[in-house]
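Structure record follows, encoded as structure tokens.
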Amino acid sequence: MQTKISILFYIKRTKSTTDGLAPIYMRVTIDGLRVEISTKRYVEDTKWLSQAGKVKLGSEEAKATNSYLDALRAKVYDYQTELIRNGQPVNTDNMRNKLTGREEKRYSLVTVFEDHNSKMKKLLGTEYAAGTLQRYTTTLKHLTDYMKMQFNVSDLDIRSVNHAFITGFEFYLRSERKCGNNVTVKYIKNFSKIIRICIANEWLTKDPFVNFKSKTREVERVYLNEDELQAITTKIFPSGRLDQVRDIFVFSCFTGLAYADLKKLSLNNVVKGIDGEDWIYAFRQKTETQCNIPILPIAKAILDKYKDDPVCNNKGLLLPVLSNQKMNAYLKEIADLAGITKTLTFHTARHTFATTVTLSNGVPIESVSKMLGHKDLKITQHYAKIVDRKVSEDMRILKEKFKTGNINQHGLTSAV
């Protein structure tokens with residue numbers, strides 16, 4: 001809807017000076033609301049033309065005053081254009097600030113976002129991972145592309161972000177960028193962090209996300225079953241590099257460590273646990289939570305295999321881990337050679353530890369959650385839902401109780 005603006009010049013006789021000069025005021029009405037400011041000009045009561053809103057001509061001073069009032073009128077419309085161009089609402093508050101020169105400092109969406117990313121970049125390796133920065137960088141790019149397409153601007157005042165802006169951005173991600181639901185939700189979540197920063201600094205008085213809801217959908221977690229894990233573990237590969245990548249992947253399957261945590265494992269991470277055996281004590285890079293993992297025999301054998309590796313010794317690491325891109329590329333070749341049709345990534349290895357290696361073998365979910373470094377047991381419960389063998393085993397125990405008479409079947413039936 002187009003903003004309606006009207007401008008009126010008038011004099012305030014009640015504020016006349018002792019010389020009989022009345023101050024000239026300008027009243028700007030925007031959609032029915034008024035803002036009044038003094039023009040800092042004075043005129044004799046008898047020389048003011050109320051209908052025209054001007055000084056009666058007859059002197060150079062009158063001509064100069066009228067020219068000044070015309071310039072003020074033009075300035076109001078110029079400010080209107082400027083507010084629209086900057087994505088700010090055309091209202092009495094913003095117009096008053098413009099006319100009086102008392103504008104509040106404005107913060108733009110891109111400027112705040114870039115400042116956030118710049119600070120994050122300086123904390124890489126200590127507070128944030130490179131992948132996290134990349135996700136925020138991508139979110140900002142999608143935002144700027146959306147603003148260009150939707151509003152034909154490269155930036156907007158942060159106060160212009162409202163519910164419609166957010167839902168529009170969400171629709172853009174799903175339609176134009178073809179992002180899936182969970183990816184879209186993650187981008188929106190990154191964006192909402194920037195808004196929270198603005199609210200915390202009082203650059204925004206209202207939270208535009210207050211009535212916005214989005215929810216991730218549970219996705220199927222790919223993991224290896226016992227036969228597939230056995231196939232990849234015992235497979236003899238023609239290349240030493242494939243053999244090395246396989247070993248590191250299997251090590252992840254038996255420890256549950258993510259790629260980022262595997263890559264920085266050193267001798268300092270191997271300690272004697274409460275049982276006197278070797279454990280891995282490490283902090284997860286993603287969640288900054290500690291995970292204490294007993295080293296199973298196959299994982300211990302892999303560590304022994306690479307204890308004299310020159311690359312590991314030079315860098316003080318336990319395993320010769322390649323870049324994530326190279327590792328995943330080799331894993332595709334390994335899967336083909338081992339006859340595995342599933343897509344192998346280090347996420348697959350971590351999921352395999354949670355399901356096939358631990359939960360399926362009766363390890364309590366609380367212990368699995370602690371080893372995985374999860375902050376919330378609900379996260380680990382997603383793995384428990386897909387372990388059919390665990391369900392089968394639990395039901396087998398129940399059937400045995402019925403057979404041995406530990407549960408009165410007749411009483412149970414009659415109660416039903």
Kindly give the heavy-atom pair with the smallest separation between [X] and [Y], and that separation in Å.
X: I365; Y: L359; answer: CA-CD2, 3.9 Å
X: S367; Y: V363; answer: CB-CG1, 3.9 Å
X: D70; Y: K54; answer: OD1-CE, 4.0 Å
X: V112; Y: C198; answer: CG1-SG, 3.9 Å
X: A62; Y: L57; answer: CB-CA, 4.3 Å
X: T358; Y: A354; answer: OG1-O, 2.8 Å

Any carboxylate oxygen within less than 4.0 angstrom of a Lys/Arg side-chain nitrogen, looking at [X] and [Y]?
X: K307; Y: D304; value: no
X: D243; Y: K305; value: yes
X: D93; Y: R96; value: yes

Query raised in the report: Residues in salt bridge (Lys or Arg N to Asp or Glu O under 4.0 Å) with D155, at least two apart?
Result: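 Salt bridge (Lys or Arg N to Asp or Glu O under 4.0 Å) list for D155, sorted by chain: empty.
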
**Report entry** Partner residues of K215 under the salt bridge (Lys or Arg N to Asp or Glu O under 4.0 Å) criterion, sequence neighbours left out
**Finding:** none

Please list all pairs passing the salt bridge (charged side-chain N to carboxylate O under 4.0 Å, His left out) test where one or both residues lie in [range], with sequence neighbours left out.
range: residues 198-213; result: none
range: residues 162-175; result: E170-R174
range: residues 138-149; result: K141-D145

Going by heavy atoms in the side chains, are [X] and [Y] under 4.5 Å from each other?
X: S108; Y: I158; answer: no
X: K63; Y: V55; answer: no
X: S16; Y: L21; answer: no
X: L372; Y: I293; answer: no
X: L33; Y: N91; answer: no
X: L303; Y: F251; answer: yes
X: T92; Y: V28; answer: no
X: H347; Y: H351; answer: yes

Hey, can you pull the donor-acceptor pairs under 3.5 Å for the side chains in residues 318-327, sequence neighbours left out?
unit_1, atom_1, unit_2, atom_2, d
S323, OG, K326, N, 3.2
N324, OD1, N328, ND2, 3.3

Any donor-acceptor pair under 3.5 Å from [X] side chain to [Y] backbone:
X: D115; Y: T111; result: no
X: T139; Y: R135; result: yes
X: D261; Y: L257; result: no
X: S192; Y: K189; result: yes
X: T348; Y: T345; result: yes

Query - Exercise: do E82 and Y77 side chains pair donor with acceptor under 3.5 Å - result: no

Query raised in the report: Would E61 and T65 count as having a side-chain donor-acceptor pair, cut-off 3.5 Å?
Result: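 Absent: no donor and acceptor within the cut-off.
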
Could you tell me which residues satisfy side-chain contact (heavy atoms from CB on, under 4.5 Å) with [X], sequence neighbours excluded, listed by chain and number?
X: Y136; answer: F113, H116, N117, M120, T132, N190, K193
X: S50; answer: R13, W48
X: S154; answer: none

Name every donor-acceptor pair, under 3.5 Å, that has one atom in a side chain of residues 336-344 and the other anywhere in the protein, sequence neighbours excluded.
unit_1, atom_1, unit_2, atom_2, d
K342, NZ, Y223, O, 2.8
K342, NZ, E228, OE1, 2.9

**Report entry** Residues V161, I166; criterion side chain to side chain contact (heavy atoms under 4.5 Å, CB included); working and verdict
**Finding:** CA-CA 7 Å; V161 177; I166 298 168; 4.3 Å; yes

Which value, rounded to the nearest 0.5 Å, describes the distance between [X] atom [atom1] and [Y] atom [atom2]?
X: C312; Y: Y306; atom1: SG; atom2: OH; result: 8.5 Å
X: L72; Y: K75; atom1: CG; atom2: NZ; result: 6.5 Å
X: T355; Y: N225; atom1: OG1; atom2: CG; result: 9.0 Å
X: N94; Y: I30; atom1: CG; atom2: CD1; result: 8.5 Å
X: D31; Y: I5; atom1: CG; atom2: CD1; result: 8.0 Å
X: R241; Y: I334; atom1: CZ; atom2: CD1; result: 11.0 Å

Query raised in the report: For the side chain to side chain contact (heavy atoms under 4.5 Å, CB included) test, which of T167, V183, L173 pairs with I188?
Result: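 Exactly one option meets the side chain to side chain contact (heavy atoms under 4.5 Å, CB included) with I188, and it is L173.
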
**Report entry** Geometric cation-pi criterion R246 and F237, 6.0 Å radius, 45° cone
**Finding:**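 No, R246 does not sit over the ring of F237.
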
Query raised in the report: Cationic tip of R27 within the cone over F9's six-membered ring, i.e. under 6.0 Å and within 45° of the normal?
Result: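 The answer is no; the distance or angle limit is not met.
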
Report task. Would you please test E277 and K272 for side chain to side chain contact (heavy atoms under 4.5 Å, CB included) and show each step? Result -> CA-CA 5 Å; E277 300 292 333; K272 292 296 180 183; over 6 Å; no

Query raised in the report: Would the number of heavy atoms belonging to other residues, nucleotides or ligands and lying under 6.0 Å from NZ of K264 be above 12?
Result: yes

Query - Neighbour count >12 (heavy atoms, 6.0 Å) for atom NZ, K12 - result: yes

Query raised in the report: Between M26 and L99, is a side chain to side chain contact (heavy atoms under 4.5 Å, CB included) present by the stated rule, with each step listed?
Result: CA-CA 10 Å; M26 178 174 67; L99 291 169; 3.9 Å; yes

Query raised in the report: Parallel, tilted or perpendicular: which describes the rings of Y281 and W279, with under 30° parallel and over 60° perpendicular?
Result: perpendicular

Report task. Could you name each residue pair satisfying ring-ring contact (aromatic ring centres under 6.0 Å, His included) that touches residues 139-158, not counting sequence neighbours? Result -> H142-Y187, Y146-F151, Y146-F165, Y146-F169, Y146-Y172, F151-F165

Query raised in the report: Got a sec, which residues hit ring pair (Phe, Tyr, Trp, His ring centres under 6.0 Å) with W203, two or more places apart in sequence or on another chain?
Result: Y107

Query raised in the report: Does the ring centre of F191 sit less than 6.0 Å away from the ring centre of F209?
Result: yes

Query raised in the report: Can you check side chain to side chain contact (heavy atoms under 4.5 Å, CB included) on T255 and M371, steps first, answer last?
Result: CA-CA 8 Å; T255 59; M371 288 187 286; over 6 Å; no

